[in-house]
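Let me begin by presenting the structure, written as structure tokens, before commenting on it.
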Amino acid sequence: MIAHVLLPLPVDHGFDFLVPAALAAEIAVGRRVKVRFTGRDRTGIVAAVAAESAHPGELEPVLAVYPAPAFSPAALEFALEVARDYLAPPGVAVNRILPHRVAAQPRERHFCLAVDLTTAVAALERMTRAPRQAAVMRALLAATTPLSPGQLRAALGDVGRPLARLVELGLVKECGHDRPPSSPAHPLPPEHETQAAWVDALPRSGTALVYARRRYAGYARILRERLTPASGALVLAPEILAATALHRFLARYTPGPIALYHSGLPDGVRGRVWEEVRAKKVQIVVGTRSALFLPFSRLELIIVDDEQDRSYKQDEMLPYYHACTVAENRGTDGLVILGTAAPAVETFQRASQGDIALVRTDNASAVNVRIVDMKGEPSPVSTPLRDALARTLAANGKAIVMVPRRGYFQAVICKQCGRPLRCPHCGVNLAYDVNRAQLVCRVCGRAYSRFACPHCGSRALRFVGAGVERVRDEIVHAFPDARTLLVNGELIARYPDLDLEHAVADADVIVGTPMIAKGGPIPGLRLAAAIGVDALLAVPDFRAAERAYQHLIGLAGRMEDGELIIQTNYPDHYALRSVATGNYELLRENELAAREAFSYPPFARLARIFLTARSPTRRRVDADRISAALAEFGVELLGPSPHPRRAATDFILVKAKDATVLPTACRAARDTGARVEIDIDPDRI
DNA sequence: AGCACGCCGACT
DNA sequence: GTCGGCGTGCTC
Ligand SMILES: [Zn+2]
Ligand SMILES: [Zn+2]
């Protein structure tokens, strides 16, 4: 017997191995196996089992078979289809998707009263000399479900001793739950019921763009009303934080167990969820894009929340897939919901052409938008913003300030000759880091202490582009009594378990990078401000204005009502006017016109071809070979230009006005033999 | 991906 | 003469 195994190598085929008789019963398509390959042990995934091999040479034996976690045959086929669509090596893709181990179910014990209520109350009255025991008894009396030691500890502190004593006395017993009994779903609060009204307008199947400011309650309603017992449902959020918040919400308002699945979980936990899905023990999963590959046997419903978010595009690692597209392929005979408060221009275009359904609620928001013209404003915190902050804080309201730049100052410019100070190694502008009191390069990390212009020698320097830390300091200086919280990537990296919701609840002013524009309403928030949106508008990407719009809508979405202040030098920019007037069409029309004029999506399809080779001449030769190979397809090539992050890598941008030729052209580029990686439909350029 | 093979410039 | 650079191709 032969096993055809996909190894994690950048090749487009698998390798055959001999299945020893002892492993014949265990071998199965989708399982992970250990093999000896080129002198070392490796693991791969069985793509097929056959009687014989077409390989002429000797075959190595399969050394071990791992029954779990494993792909179901259908899940494997789907993963391979995605790899094929995105021109990724199948072995690389499937080995990345499948977790490696299955962690044991955490054996959380649960305790409940062992006696009836009257006996318990009588015992409690006699417990005057054992207050800890009494506290445990009271907690168990009040609880509607059994409690785990962890839950008791959270409420009462360390109660191991008193709990053990109560068990000894026969007042409390352990009840045999492996997992906490799923709490009965809470009814939706009335205000959520109205927010969920759009569910009635959904089609039965196909893809629907749900353009609604508030969507979570609707998702809970769909899960309650539309899910049949035999089917699975998948709910995606763009990032781990958002997935966790959505999971918490849906677990509260939906009956039955809901699993959480994302790449931040330990491998073993992911493996456990994977296997629970395969065994149909879990019907609903909330997660990030990697959850799309879970082995659901039937998937009637996929919800992609915040459809416009660029985190849905995998662009750091193969396969370079987009979660929305993959979701639509995955849920072909069910319902796929793309939910958003600020639709991607491309998605909305599909809806307006009738390719997908459009469900649009009245998105009028109670947020009042004010655009502040920054011409002549010396401080990054304008006078109108300062006044609004003072008013808000005086009225015990909360404020949030978004600054799209990290650190302290974006750049340092010579007052004498006007030129920016650059890193001599990388050529990029140097940023100022207050903590080190040095100029730092964001590309190579080098720091410099020489504060003088290399061109004219002048020591008169101007710091420009206030970053989030600088704005925070400015606000702390202006409002020393307010509790100010800085939220940036560094904070999340340093405290991965930080409960952001709690931290935010304790702050008066939250200053942060655009990550704070994601998420639901913050209680008590009355003022939101966007500082330096011009930096967002100036990003060299055809989607820059759309992204700025989406960030601003996201920021406004963190308030139920209140004021949004936008600081800009371009008060008439259509993206900002569109936010101010609540008129999405204004953004859409301007974007469509620009993209049609310059042949960008949705009027063309793009791909990036990465060329990796040590020598630049080699990359040049490859680039020439590719442009020769693509000549016949009538596509436009831009570049090659150096990759912004990866060393020894260039990329070519491919633009195809005919959407259907792009995959063919990309395949032709791959088959030139040049060492390439291809990113179809990139999300940033 | 890793590793061997093989071909051309420049060094004891 | 050999050493070592990397481009090419193969691994079940
Ligand atoms: Zn100068
Ligand atoms: Zn540098």
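Throughout, a chain's letter reflects where its sequence line sits, starting with A, and its residues are numbered from 1. Because the structure is predicted, anything quoted here is derived from the model rather than measured.
- Here the closest non-hydrogen pair linking A/Ala259 and A/His247 is O-CD2, 3.7 Å.
- Legend: ring pair (Phe, Tyr, Trp, His ring centres under 6.0 Å) pairs involving residues 7-50 of chain A, not counting sequence neighbours, sorted by first then second residue: A/His13-A/Phe15, A/Phe15-A/Phe37.
- If you check the side chains of A/Tyr86 and A/Gln314, you find no donor sitting under 3.5 Å from an acceptor.
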Close N/O contacts between protein and nucleotides 5-8 of chain B (under 3.5 Å):
none

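- The heavy-atom pair separating A/Pro424 from A/Tyr448 by the smallest distance is CD-OH, 3.3 Å.
- Applying the ring pair (Phe, Tyr, Trp, His ring centres under 6.0 Å) test to pairs two or more places apart or on separate chains, those with a residue in residues 636-680 of chain A are A/Phe610-A/His643.
- Of the side-chain N and O atoms in A/Arg40, one or more sit less than 4.0 angstrom from OP1 or OP2 of B/dC3.
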Look for any protein N or O under 3.5 Å of an N or O in nucleotides 6-12 of chain C and output each such pair with its distance, or none.
| residue | atom | partner | partner atom | Å |
| --- | --- | --- | --- | --- |
| C/dC6 | OP1 | A/Arg614 | NH1 | 3.3 |
| C/dC6 | OP2 | A/Arg614 | NH1 | 3.2 |
| C/dT8 | OP2 | A/Arg618 | NH1 | 2.9 |
| C/dT8 | OP2 | A/Arg618 | NH2 | 3.3 |
| C/dC12 | O3' | A/Asp16 | O | 2.9 |
| C/dC12 | O3' | A/Glu60 | N | 2.8 |
| C/dC12 | O2 | A/Asp16 | N | 2.5 |
| C/dC12 | N3 | A/His55 | ND1 | 3.1 |
| C/dC12 | N4 | A/His55 | ND1 | 3.3 |

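- Distance SG/A/Cys666 to CZ/A/Arg608: 12.0 Å, rounded to 0.5 Å.
- Contact record, A/Ala103 with A/Arg272: O-CD, 3.5 Å, taken as the closest heavy-atom pair.
- A side chain to side chain donor-acceptor pair (under 3.5 Å) check over residues 43-61 of chain A, counting only residues at least two apart or in different chains, returns the pairs A/Asp16-A/Ser53.
- Contacts between residues 84-97 of chain A and DNA chain C, defined by a heavy-atom separation under 4.0 Å, are absent.
- Aromatic rings of A/Tyr600 and A/Phe542 (six-membered ring for Trp) have centroids within the 6.0 Å cut-off, being under it.
- Ring-plane geometry between A/Phe293 and A/Tyr321 is classed as perpendicular, the angle between the planes exceeding 60 degrees on a 0 to 90 degree scale with a lower cut at 30.
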